[in-house]
Amino acid sequence: LNELVKFCLCFPIVASARNRDTLGLRPRDLIHKTLRFETPRAPHEKLVLEQLVKIYKRDIKPMEDAYNYNYLPIRTDVTVGQIQSKPIILFLGPWSTGKTSMINYFLDTDILRVGAEPTTSEFTVVGYETSIKNTEGAVLVSDKMKEFSPLEKYGQGFIEKFGGIGLPHPLLKKVTFVDTPGIIENRKQQERGYPFNKVMQWFIDHAALIFVVFDPTKLDVGSELETLFQQLKGKESQIRIILNKADSIASQELMRVYGALFWSLAPLINVTEPPRVYTGSYWPYEYKLNTNSDLFKQEEVSVLQDLNDIIENRLENKIALIRQHAVRVRIHALLVDEYLAKFKTERSFLSNQEQVKYEILNNPKRFDIYKAVTSKHNISPFDLPDPEIYKDFFTHNPLTEFMSLEQHCGYFSGCPMDDLETAITTSLPGLLPSVNQLSKTEL
Ligand SMILES: Nc1nc2c(ncn2[C@@H]2O[C@H](COP(=O)(O)OP(=O)(O)OP(=O)(O)O)[C@@H](O)[C@H]2O)c(=O)[nH]1
Ligand SMILES: [Mg+2]
């Protein structure tokens with residue numbers, strides 16, 4: 001990679017408007033007009049993020065810790081690093097479909113290596129730096145306060161295939177791009193030397209926008225791609241399918257391929273909320289003659305607008321994400337408290353404590369635990385996790401080691417559950433007006 005950077009520094013490719021024509025490059029005004037990335041980051045943004053971190057540490061984290069929330073398998077882990085992070089724009093799909101070229105195109109660079117053969121071999125974070133800089137995966141995961149530290153758990157094999165490139169592009173002050181190795185069908189997972197699917201799932205779960213890039217000349221859907229689409233379930237609103245390189249085929253052929261793509265993806269896609277599909281050519285070169293350049297331009301504007309929505313709504317989205325997390329932590333604490341309360345009442349009737357615990361964990365319905373939580377606290381039954389999850393949770397986190405919600409209350413400090421509820425109903429929604437004011441004036 002270092003060699004590559006040196007090479008690129010010797011041969012800067014960022015073309016000036018004057019030599020763009022001679023190089024056969026398209027004008028970039030579409031990108032500039034739609035993304036307006038030169039507008040500086042609003043000063044309020046830092047303040048809102050600081051407030052979010054403060055609310056998280058003061059009102060949410062104590063309850064996470066008190067009830068071992070992070071041991072739940074279905075949790076969404078939130079860290080200070082993630083609260084402060086920029087939205088992740090993730091690129092994935094089969095090999096050689098133009099994912100890396102697309103990132104280079106948006107950032108007006110050719111620093112990321114592209115090629116006709118399978119090229120990208122690392123998960124690559126492209127973020128902001130004042131000058132071009134490479135960062136090893138080991139460094140990216142080592143800072144506990146940073147957003148990528150949870151990836152350390154995927155092991156040394158992955159860390160060697162993880163890296164970062166910093167660039168001084170203003171767009172990267174607002175979002176972070178993540179490039180991924182292309183999917184090659186028929187390759188066994190273990191050949192990669194790390195849990196590829198798990199790593200991919202982490203990035204999918206943490207991405208604000210996911211571009212799934214296809215090439216019209218190879219649309220075969222194999223088992224790796226099928227697995228990928230399984231992993232994308234539930235993220236339909238973040239997914240944009242890109243039928244890239246549309247400049248390489250005739251218009252009529254494009255229509256045919258468009259249909260074929262939908263046909264082969266249909267079984268893998270949630271039909272009630274299908275993801276949006278765009279076509280176009282996302283590299284810097286002029287469209288070829290006799291291709292549908294007007295369509296490509298319109299499609300590109302839509303893609304850029306989606307990207308811009310992510311940029312403009314980044315603070316609202318973050319507040320909503322933290323609030324949703326707080327709601328989940330609250331439900332978890334209420335459930336543990338209810339299990340504990342039931343255990344205490346039943347214990348007085350039956351003398352064998354282990355038997356009581358066994359009965360409650362295996363038949364929570366018989367003891368009305370879930371019903372009690374929904375009716376007492378006005379929670380939808382659909383928001384409650386599966387009781388099986390709690391059976392497993394309590395085998396690693398013994399029920400009797402938890403304190404009840406009430407026991408956590410102090411005479412002066414009050415109850416942490418009240419703080420959590422205030423965060424959900426008041427403090428977090430209260431941050432929105434400052435965000436809205438901000439977007440009117442400065443974004
Ligand atoms: N005709 C045409 N070719 C393109 C376009 N975008 C990329 N290419 C070419 O497609 C090839 C693959 O591009 P990459 O950007 O390396 O593709 P990738 O998806 O990152 O590939 P992997 O890293 O191997 O997964 C290169 O030769 C590019 O020059 C496009 O819009 N039109
Ligand atoms: Mg690539």
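Indexing begins at 1, ligand by ligand and atom by atom, following the structure's order. FYI, side chains are in, hydrogens and waters are out, and symmetry mates aren't considered; it's all heavy atoms of this structure.
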For atom 20 (O) of ligand 1, closest protein heavy-atom neighbour: Thr100 OG1, 2.7 Å
Numbered atoms and elements of ligand 1 in range of Ser281, under 4.0 angstrom, heavy atoms: 30 (C), 31 (O), 32 (N)
Test: Lys297 and Glu300 ion pair at under 4.0 Å: no
Contacting atoms of ligand 1, where contact means under 4.0 angstrom from a heavy atom of Pro118: 24 (O)
Nitrogen or oxygen of Gly98 less than 3.5 angstrom from that of ligand 1: yes
Heteroatom N/O/S of Thr119 within less than 2.8 Å of the Mg ion (ligand 2): no
Of Ile249, Thr279, Asp247, the residue whose pairing with Pro216 passes side-chain contact (heavy atoms from CB on, under 4.5 Å): Ile249
Close N or O approach (Ser96, ligand 1; < 3.5 Å): yes
Polar side chain donor-acceptor pair, Thr100 to Asp179, under 3.5 angstrom: yes
Leu361 CG to Glu388 CD distance, which is reported to the nearest 0.5 Å: 10.5 Å
Ligand 1 contact by Met102, heavy-atom criterion under 4.0 angstrom: no
Distance filter under 4.0 Å to Gly182 heavy atoms, resulting ligand 1 atoms: 25 (O)
For ligand 1, the portion of Asp179 having any non-hydrogen atom under 4.0 Å away: neither
Proximal atoms of ligand 1 relative to Asp247 (non-hydrogen, under 4.0 Å): 1 (N), 2 (C), 30 (C), 31 (O), 32 (N)
Short N or O distance, Val114 and ligand 1, threshold 3.5 Å exclusive: no
Heteroatom distance test (Lys245, ligand 1): nitrogen or oxygen, under 3.5 angstrom: yes
Gly115 N/O under 3.5 Å from ligand 1 N/O: yes
Reported CG-to-CG distance for the pair Leu232 and Asp205, which is rounded to 0.5 angstrom: 10.0 Å
Nitrogen or oxygen atoms of Thr97 and ligand 1 under 3.5 Å apart: yes
Heteroatom N/O/S of Ser101 within less than 2.8 Å of the Mg ion (ligand 2): no
Identity and distance of the protein heavy atom lying nearest atom 25 (O) of ligand 1: Lys99 NZ, 2.8 Å
Aromatic centroids of His408 and Tyr67 separated by under 6.0 Å: yes
Contact atoms of ligand 1, heavy-atom distance to Glu117 under 4.0 Å: 24 (O)
Nearest protein heavy atom with distance in Å, relative to atom 8 (N) of ligand 1: Trp283 CE3, 3.5 Å
Residue portion contacting ligand 1 (non-hydrogen atoms closer than 4.0 Å) for Asn104: neither
Carboxylate-amine/guanidinium proximity below 4.0 Å for Lys54 and Glu50: no
For ligand 1, the portion of Tyr282 having any non-hydrogen atom under 4.0 Å away: backbone
N-O pairing of Glu224 and Arg192 below 4.0 Å: yes
NZ/NE/NH1/NH2 to OD/OE distance under 4.0 Å, Arg36 and Glu312: yes
Pro387 backbone acceptor or donor facing Lys365 side chain under 3.5 Å: no
Proximal atoms of ligand 1 relative to Ala116 (non-hydrogen, under 4.0 Å): 27 (O)
Side-chain H-bond candidate by donor/acceptor type, Tyr56 with Gln82, under 3.5 Å: no
Taking atom 24 (O) of ligand 1 as the reference point, the nearest protein heavy atom with its distance: Thr119 N, 2.6 Å
Proximity winner for atom 13 (O) of ligand 1, if only heavy atoms of Pro94, Ser101, Pro216, Ser248 are counted: Ser101
